[in-house]
J.: 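Okay, handing you the structure first.
The basis for the numbers below is simple: all heavy atoms, side chains too, and nothing from hydrogens, waters or symmetry mates. Order of the sequence lines fixes the chain letters, A, B, ..., with proteins taken first and strands second; residue numbering starts at 1 for each chain.
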Amino acid sequence: AQSVTQLDSQVPVFEEAPVELRCNYSSSVSVYLFWYVQYPNQGLQLLLKYLSGSTLVKGINGFEAEFNKSQTSFHLRKPSVHISDTAEYFCAVKPNSGGSNYKLTFGKGTLLTVNP
Amino acid sequence: NAGVTQTPKFRILKIGQSMTLQCTQDMNHNYMYWYRQDPGMGLKLIYYSVGAGITDKGEVPNGYNVSRSTTEDFPLRLELAAPSQTSVYFCASSFLNTEAFFGQGTRLTVV
């Protein structure tokens, strides 16, 4: 079984400031890792994903994340946020082998609020 | 391509009523999922399917049923609606090693 912990439920920042949203996971097998964004009253959209290869992954809207296997983390970063980045962000993991390789598990989400 | 389509978008049910949430995808994905989203709780997996004719329970299956007769469709059935089933429901689909694509959600209120 796997689990995902998003360490901050809410992150308020000012416009143009950098931001880091933290995600730690637990799994007995190797995993794929994802970050999704949810704007109000909408579904989830993929921001970026780690499947293999380079541990630094770049996504849409200027976001990036770094996979750290030893620390079982996949933190999301953006060097300068905009008002339009205000949304809820979800970290998710899916095993890439084994009998449970269909289960996509989500964290509880981090609400990013960008203030002017 | 439409992606993942969910209907209806909104529904109000009375306690004890039943309904089916529809989900269809046109990407030929083998995996499909139903999640419910409650404030501050993230997404909880209700049921999933790895292909036509194969379904299994997720974390919170009680009060729900699913079927998967075709690759495209994965309806979620609520037999006896309860207030605890008030939630936003999301359907998603994927291949094994790719991200899941989500529908726009169904907002269900049970009164």
J.: Checking one residue: B:V60. Which other hydrophobic residues are in its cluster under the side-chain 4.5 Å linking rule?
T.: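 Joined to B:V60, directly or through intermediates: B:L13, B:I15, B:M19, B:L21, B:M32, B:W34, B:I46, B:Y47, B:Y64, B:V66, B:F74, B:L76, B:L78, B:Y89, B:L108, B:V110.
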J.: Membership question, hydrophobic clusters at under 4.5 Å side-chain separation (ILVMFWY): are A:I60 and A:V19 in the same one?
T.: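 Yes, A:V19 and A:I60 fall within the same hydrophobic cluster.
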J.: Can any side-chain N or O of A:K94 pair as donor or acceptor with the backbone N or O of B:T98 at less than 3.5 Å?
T.: yes
J.: From A:K103 NZ over to B:Y31 OH, what is the distance, rounded to the nearest 0.5 angstrom?
T.: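 Rounded to the nearest 0.5 Å, the NZ-OH separation comes to 13.0 Å.
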J.: Using the rule that two of Ile, Leu, Val, Met, Phe, Trp, Tyr join whenever any of their side-chain heavy atoms come within less than 4.5 Å, decide whether A:Y25 and A:F34 are in one cluster.
T.: no
J.: Any chain of hydrophobic side-chain contacts (each under 4.5 Å) joining A:L56 to A:L46?
T.: no
J.: Less than 4.5 Å apart, any side-chain heavy atom of B:Q37 and any of A:F106?
T.: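 With C-beta onward as the side chain, the pair stays apart.
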J.: In terms of heavy-atom proximity below 4.5 Å to chain B, should A:Q38 be classed as side chain, backbone, both, or neither?
T.: side chain
J.: Does some side-chain heavy atom of B:Y48 sit less than 4.5 Å from a side-chain heavy atom of A:L104?
T.: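 Of all side-chain heavy-atom pairs linking B:Y48 with A:L104, none is under 4.5 Å.
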J.: With respect to chain B, which residue among A:Q6, A:K49, A:K108 yields the maximal number of heavy-atom pairs within a distance under 4.5 Å?
T.: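 Ranked by contacts with chain B, first place is A:K108.
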J.: Do A:L111 and A:L44 belong to the same hydrophobic cluster, where Ile, Leu, Val, Met, Phe, Trp and Tyr are linked whenever their side-chain heavy atoms lie under 4.5 Å apart, directly or via other members?
T.: no
J.: How does the hydrophobic cluster around A:L7 look, that is, which other residues are in it when side-chain heavy atoms under 4.5 Å mark a link?
T.: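 Cluster partners of A:L7: none, it stands alone.
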J.: Looking at A:G109, A:G43, A:A92, which makes the most heavy-atom pairs under 4.5 Å with chain B?
T.: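 The option with the most such pairs is A:G43.
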J.: Working to the nearest 0.5 Å, report the span between CD of B:E99 and CG of A:L47.
T.: 11.5 Å
J.: Working to the nearest 0.5 Å, report the span between OG of B:S94 and OH of A:Y32.
T.: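 With rounding to 0.5 Å, OG (B:S94) is 10.5 Å from OH (A:Y32).
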J.: Compare every heavy atom of B:L43 with every heavy atom of A:F90, then report the nearest pair and how far apart it is.
T.: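 In terms of heavy atoms, the two residues are closest at CE2-CD1, 3.9 Å.
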J.: In this structure, would A:W35 and A:V4 fall into the same cluster of hydrophobic residues linked by side-chain contacts under 4.5 Å?
T.: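 A:W35 and A:V4: one cluster.
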